[in-house]
Amino acid sequence: MMKINIFLMFMIIALKGFCGEIMDQNKEFKNFLDEYAPKVSNKSQSVALASWLLETTGSKDASFLVSSLNTELKLLFNDEATYKKLVAWQNSKAITDPLLARQLEILILSFKGNMAPKELLEEISNKEAELSTLYANFRAQVDGKKFSDNEIRDVLNNELSVEQRKKVWKASKELGDVLGPKIIELVKLRNKEAKFLGYNNYFDMQLELSEINKADLLKIFNETAEKSDGAYKKMMLDIDTALSKKFNVKTEEIGPWLWKDPFCQEDPIAPQGLDSYIKSIDILSVAKGYYSKMNLNVEAVITNSDLFERDGKNQHAFCINIDHKQDVRTLCNIKSNGRWMDTVLHEFGHALYDLGYNFELPWLLRTPPHLITTEAIALLMGRQSIKPLFLKEFCNVKDEEFLKQMELSAARKQLVFSRFVLLMTEFENELYKNPDQDLNDLWWSLAKKYQKVNMPDNRKGKNDWATKYHIGLAPVYYYSYLLGEFFASGLEKKLEEISQLPKIWNPKSGDFLNKKLFYPGCIMRWDRLIQEVLGEPFSSSAWIEEFAK
Ligand SMILES: [Zn+2]
């Protein structure tokens, strides 16, 4: 008994001492954050505002501001003394307050990627800038005529001459020979950075810094590839039959140039005609009506956004959170067509997520835990725009045969896209493991494995892999689109269960998303949050069930 008492007494004393220490450390870290976090939030807001100016006007002054403010923001994350302090706090295990501990975790991840030697980081960003200029200035040339990216797409969408399509596709791949050797140099520099920070290579580093477990990622992708292989093969038969009929060629003569996308990542036989239904529709009022059915209000986003085409403005679309409070904006170039219906619902989805955080949370936690969760919301909302129920209710489409075709195309779109992501992910994994291997062979062997697309004649020794923008300039990023699609399917299933309705635009769905997904911000890792939201671990099963049965 005595012994136990003494032991207990010792424990109590020890615990008391420990608690005192913990309180001090928590307080100390909190004090650090009170001083440090406002610096980051102010600088981030300046970067966001400057970027907004740049993207909405194309102004050179704004471009200067963006790059200098960005450098200043980066500097806040590469002070070695601060990093050491953060690591010491983490090693002490004394930060026991969960919100503080989560902020510590996030800060360490943000610092870590910036802790390589400055000269190396500079060399990398110079190489990236060079690549970026080469990408922007490259124009494919056929018979003396230059083709922009949009013009290449026009040819692939509309041209019926197989010869002309082939010529344009091949010309678009000439970019690879310009970029390939430069990308390999960049890959080696990125690997050098990763090794310096203690990782095997850059691929592994990027995953770890974004809280993705590599083994889990590869496992879920392998399983998905296996489980959807039957559905994909079946679909490819339909695609081949349709393409062979459309272009009057034998199936063995079909090459990537007969697809609508140069990388075979979009449904090549999507039905025509959606645009003619949408051309007289006010997309903004449809978006307002759609979201109001979920009790989600997009008025503030619309007021803050820049929505229509104008000279000097970025031609694409994005959503930007200016202050992690109420100022969330989208940039769009709305036209009354199917693509913009999808895009507006997509960007507003991102915006509503950003407006849904618990604003009592610290600034650092008012973000999504990973791109996957916000992308899932945006993809889920965008996806609705081609669903029969949506087209009937919001676009007054009554042609049942057309609606059926749209539904089939939606499934093809998912299957086709998933295969490209599988290819990209395995390619990047192998690229960073060994950048000196025959990368073009690797690229086409993966195209065969996943997309069932053969390497065309005379591609040996080329650099077709290097023409995909993301390989050079948005590395180790593509995987998150597919994880986003998987989560979108899981969410859709969940929302339909909760509301007992076959469509997600209802108040119960909106309330659920707000409370369960948006409100917690980044207080936990993405996979834990998804588990909390869905009530089961993250997987691709709902996606398989929906698109690959
Ligand atoms: Zn998005």
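In listed order, ligands and their atoms are each counted from 1.
The atom of Glu375 nearest to the Zn ion (ligand 1) is OE2, with the search restricted to N, O or S atoms.
Considering only residues two or more places apart in sequence or on other chains, Thr224 meets the side-chain hydrogen bond (donor to acceptor under 3.5 Å, both in side chains) condition with Ser540. Among residues two or more places apart in sequence or in another chain, the ring-ring contact (aromatic ring centres under 6.0 Å, His included) test is passed with Tyr357 by Tyr353.
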What's the verdict on salt bridge (Lys or Arg N to Asp or Glu O under 4.0 Å) for Glu430 and Lys449, showing C-alpha distance, side-chain angles and the deciding distance? CA-CA 15 Å; Glu430 294 301 324; Lys449 175 177 171 186; over 6 Å; no
Between Glu428 and Ile471, is a side chain to side chain contact (heavy atoms under 4.5 Å, CB included) present by the stated rule, with each step listed? CA-CA 7 Å; Glu428 287 190 299; Ile471 298 280; 4.3 Å; yes
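Taking backbone and side-chain atoms together, His346 has an N/O/S atom less than 2.8 Å away from the Zn ion (ligand 1). Residue Glu347: no N/O/S atom is found under 2.8 Å from the Zn ion (ligand 1).
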